[in-house]
Amino acid sequence: MLQQTQVPTALPYYERFIKQFPTPAALARASDHAVLKAWEGLGYYRRAGNLHAAAKAVIRDHGGRVPDDPKVFAQLPGVGRYTCGAVQSIAFGHARAALDGNAVRVLARWFAVGRPITEAATRRRLWQLADSLVPASAPGDWNQAIMELGSRLCTPRSPRCPLCPARRLCAAAKRGIQDRIPVKRRRKPIPHIEVGAGIIWRRGKVLMCKRPAGKMLAGLWEFPGGKQRKGETIRECIRRELKEECDLAVTVGKHLIDVTHTYSHLKVTLRCYHCRAPRGRAKLHASAEARWLRIDDIPTLPLPAADLKILQALGIERETAVRATRNPRGR
DNA sequence: TACACGTGGCG
DNA sequence: TCGCCAAGTGT
């Protein structure tokens with residue numbers, strides 16, 4: 001959960017997750033659906049699949065015990081060099097480095113690393129430094145201290161050097177160049193696309209589609225639709241996408257909401273419309289699975305954040321309708 | 001090696 | 001509003 005995710009964000013997910021799946025065995029026997037639902041909103045959903053697969057491997061290959069051998073532990077899915085070092089040092093006291101984004105920044109400043117931290121040679125050097133620093137005694141405390149230092153004091157912007165216990169060791173602080181380290185390259189801007197999405201109604205139910213394995217948001221459920229093409233209106237886009245993906249002929253009706261959502265590498269504006277699909281079976285092409293659901297049942301599915309916003313708009317819309325019925329003059 | 005992969009907080 | 005960043009990994 002902590003891979004590329006700040007502690008305060010992961011914490012409530014962790015608390016719920018560990019209650020629901022207290023042991024590797026409990027997680028191993030859970031359904032993909034249940035695990036993904038528990039992960040809903042955390043992002044990087046492949047981590048959930050990796051963790052699930054790792055729990056199964058622990059049961060199948062390691063007698064239900066998390067391996068305390070770094071070489072063995074590192075073979076589990078989702079366990080890279082950082083996670084291996086963090087778990088092995090913190091949980092088992094093995095003297096392994098844990099170089100996360102915080103530690104990279106701390107060490108880069110400490111040793112005034114002037115090369116871009118994106119370069120492979122620089123990463124190697126930082127890992128060497130990290131390895132050389134980990135003490136045999138309480139290596140987990142050391143790793144956590146370095147990460148915490150990066151998180152609390154040695155921050156990306158405006159590091160609080162006067163408060164830093166390591167200020168007299170820090171080469172960057174000595175030279176006053178802490179604001180220019182670590183050196184990084186500018187990221188390339190992310191593209192922005194327009195997507196048409198349909199709230200497809202039939203007999204009081206709405207069509208939801210499961211995102212195919214291997215693609216972004218794999219295994220999560222969404223309101224069906226797709227990318228708008230050049231020279232195409234958004235209504236045409238929704239009709240075309242529903243025909244292509246579900247073989248449904250839909251009538252596009254009232255606009256519901258526009259939702260703009262920024263992903264890690266993509267910005268999307270979802271233009272959402274109520275639609276009708278009076279007949280025809282929803283056949284599946286790109287979508288792995290589809291279901292007709294009452295609005296109240298949609299929250300049982302794991303949904304991406306953008307679709308949660310749509311669901312909220314639907315709920316608010318219905319609230320408004322109910323209130324108007326109870327009180328025809330409104331408020 | 002470079003890129004895909006989510007979401008939320010911050011300046 | 002925007003870019004950056006977060007207890008990175010897999011391909």
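Sequence lines set the chain letters: A, B, ... in the order given, protein chains first and strands last, and positions in each chain run from 1.
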Just checking [X]: base, sugar-phosphate only, or nothing, at a heavy-atom cut-off of under 4.0 Å?
X        : result
A:Gly150 : nothing
A:Ala120 : sugar-phosphate
A:Thr9   : nothing
A:Pro189 : nothing
A:Ala305 : sugar-phosphate
A:Leu266 : nothing
A:Met216 : sugar-phosphate
A:Arg185 : nothing

- prompt: Can you find a donor-acceptor N/O pair under 3.5 angstrom joining the side chain of A:Arg46 to the base of C:dT9?
  reply: yes
Report the distance from atom [atom1] of [X] to atom [atom2] of [N], rounded to the nearest whole Å.
X        : N     : atom1 : atom2 : answer
A:Tyr13  : B:dG6 : OH    : C1'   : 10 Å
A:Asn143 : C:dG8 : CG    : P     : 13 Å
A:Leu11  : B:dG9 : CG    : P     : 14 Å
A:Ile146 : C:dA7 : CD1   : P     : 14 Å
A:Gln4   : B:dC3 : CD    : P     : 16 Å
A:Lys267 : B:dC5 : NZ    : P     : 18 Å
A:Tyr44  : B:dA4 : OH    : P     : 11 Å
A:Leu149 : C:dA6 : CG    : P     : 14 Å

query: Do A:Lys227 and A:Glu232 sit within salt-bridge range, that is, some charged N less than 4.0 Å from a carboxylate O?
result: no
Given [options], the nucleotide with the shortest approach to the side chain of [X]:
X        : options              : answer
A:Gln144 : B:dC10, C:dA7, B:dG8 : C:dA7
A:Gln3   : B:dG8, C:dG8, C:dC5  : C:dG8
A:Ser151 : C:dG8, B:dT7, C:dA7  : C:dA7
A:Asn50  : C:dG10, B:dT7, C:dG8 : C:dG10
A:Glu148 : B:dT7, C:dA7, C:dC5  : C:dA7
A:Arg187 : B:dG6, C:dC5, C:dA6  : C:dC5
A:Pro304 : B:dT7, C:dA7, C:dG8  : B:dT7
A:Arg157 : C:dG3, C:dA7, B:dG6  : C:dG3
A:Thr83  : B:dG6, C:dC5, C:dG8  : C:dG8
A:His261 : B:dG6, B:dT7, C:dT9  : B:dT7

Do the side-chain N or O atoms of [X] get closer than 4.0 angstrom to the phosphate oxygens (OP1, OP2) of [N]?
X        : N     : result
A:Tyr263 : B:dA4 : no
A:Arg186 : C:dC4 : yes
A:His265 : B:dA4 : no
A:Lys188 : B:dA2 : no

Check: A:Asn50/A:Arg47 side-chain N/O donor and acceptor closer than 3.5 Å: no
- request: Establish, from distance only, whether the side-chain atoms of A:Thr269 and A:Asp258 form a donor-acceptor pair under 3.5 Å.
  value: no
query: Do you know which two heavy atoms are closest between A:Asp297 and A:Thr300, and how far apart they sit?
result: O-OG1, 2.6 Å
- prompt: Can you name the closest pair of heavy atoms from A:Ala86 and A:Ser89 and give their distance?
  reply: O-OG, 3.2 Å
[atom1] atom, [N] versus [M]: distance in rounded Å?
N     : M     : atom1 : answer
C:dA7 : B:dT1 : P     : 25 Å
B:dG8 : C:dT9 : P     : 22 Å
C:dT1 : B:dG6 : P     : 24 Å

Validation row, ring centre A:His261 to ring centre A:Tyr263 under 6.0 Å: yes
field: A:Gly214 vs A:Glu119, nearer the 5' end of DNA chain B by closest nucleotide
entry: A:Glu119
- request: Could you give me the CA-CA distance, side-chain angles and deciding distance for A:Met208 and A:Ile298, then say whether side-chain contact (heavy atoms from CB on, under 4.5 Å) is met?
  value: CA-CA 8 Å; A:Met208 297 297 290; A:Ile298 294 178; 4.0 Å; yes
- request: Could you list all the ring-ring contact (aromatic ring centres under 6.0 Å, His included) pairs where at least one residue sits in residues 96-127 of chain A, not counting sequence neighbours?
  value: none
